[in-house]
Amino acid sequence: MHPLVTGLTQAMADTAGPIALAATENAPDTSGLADFLRGFFGPLFLVIVSVVAIFFLFTREITRFAQFIILAIFIGIVFYVPGIIEVTARAIAQAMGVTTE
């Protein structure tokens, strides 16, 4: 191999090592981020759903109320049960005959 290419490859490896190490050492701790966001936005979600549902009931739009409640229940399940997306995706893939591992 050409000495310039070998030297360049070695120089890149020498500089990339400390950069990758520094990125892993100084990375922010996000272990509880999902729980924090769920705890913060969960009550806000429930308040918004309640206000909109009451609005639909007072204006006597029962069809829109039913549609909204069904959609809110679906979004609430996805929001409050974090593993549901992965489980659903695996079930759909398995039903289609795709092997998942």
Side-chain angles (χ1 to χ4, degrees):
M1 191 172 258
H2 195 271
L4 181 61
V5 174
T6 307
L8 182 62
T9 306
Q10 184 62 35
M12 287 176 56
D14 289 343
T15 57
I19 291 172
L21 185 60
T24 58
E25 288 176 359
N26 296 330
D29 181 28
T30 59
S31 60
L33 182 62
D35 292 330
F36 170 74
L37 290 175
R38 194 172 296 115
F40 182 76
F41 288 110
L44 185 63
F45 171 74
L46 290 176
V47 167
I48 292 171
V49 166
S50 301
V51 168
V52 174
I54 289 171
F55 171 76
F56 283 142
L57 283 177
F58 280 141
T59 58
R60 296 183 180 172
E61 297 182 29
I62 302 302
T63 306
R64 284 192 180 185
F65 170 75
Q67 292 171 349
F68 178 74
I69 290 299
I70 291 170
L71 182 64
I73 289 171
F74 176 72
I75 292 172
I77 288 172
V78 170
F79 186 74
Y80 283 109
V81 183
I84 194 76
I85 295 173
E86 181 182 352
V87 170
T88 305
R90 286 185 188 268
I92 291 171
Q94 190 176 14
M96 291 175 34
V98 178
T99 58
T100 58
E101 286 295 321

side-chain contact (heavy atoms from CB on, under 4.5 Å) assessment of Leu71 paired with Gln67
CA-CA 6 Å; Leu71 182 64; Gln67 292 171 349; over 6 Å; no
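A search for side chain to side chain contact (heavy atoms under 4.5 Å, CB included) contacts involving Thr88 returns Ile84, Ile92, not counting sequence neighbours. Applying the side chain to side chain contact (heavy atoms under 4.5 Å, CB included) criterion to Ile62, with sequence neighbours excluded, gives Leu57. Scanning for ring-ring contact (aromatic ring centres under 6.0 Å, His included) contacts around Phe56 gives Phe68, with sequence neighbours left out. Here Phe41 pairs with Leu37, Leu44, Phe79 under the side chain to side chain contact (heavy atoms under 4.5 Å, CB included) rule; sequence neighbours left out.
Residue pairs meeting the side-chain hydrogen bond (donor to acceptor under 3.5 Å, both in side chains) criterion with at least one member in residues 74-87, sequence neighbours excluded: Glu86-Arg90.
Residues Val98 and Gln94 form no side-chain contact, since every pair of their non-hydrogen atoms from C-beta on lies 4.5 Å or further apart.
Put simply, the residue from Ile48, Val49, Val47 that forms a side-chain contact (heavy atoms from CB on, under 4.5 Å) with Phe45 is Val49.
Cluster partners of Ile54 are Phe58, counting Ile, Leu, Val, Met, Phe, Trp and Tyr whose side-chain heavy atoms approach within less than 4.5 Å, directly or via other members.
By the rule that hydrophobic residues join a cluster once side-chain heavy atoms approach within less than 4.5 Å of another member, Phe36 and Leu46 end up as members of one cluster. Residues Phe55 and Val51 fall into different hydrophobic clusters, defined by Ile, Leu, Val, Met, Phe, Trp and Tyr side chains chained together at heavy-atom separations under 4.5 Å.
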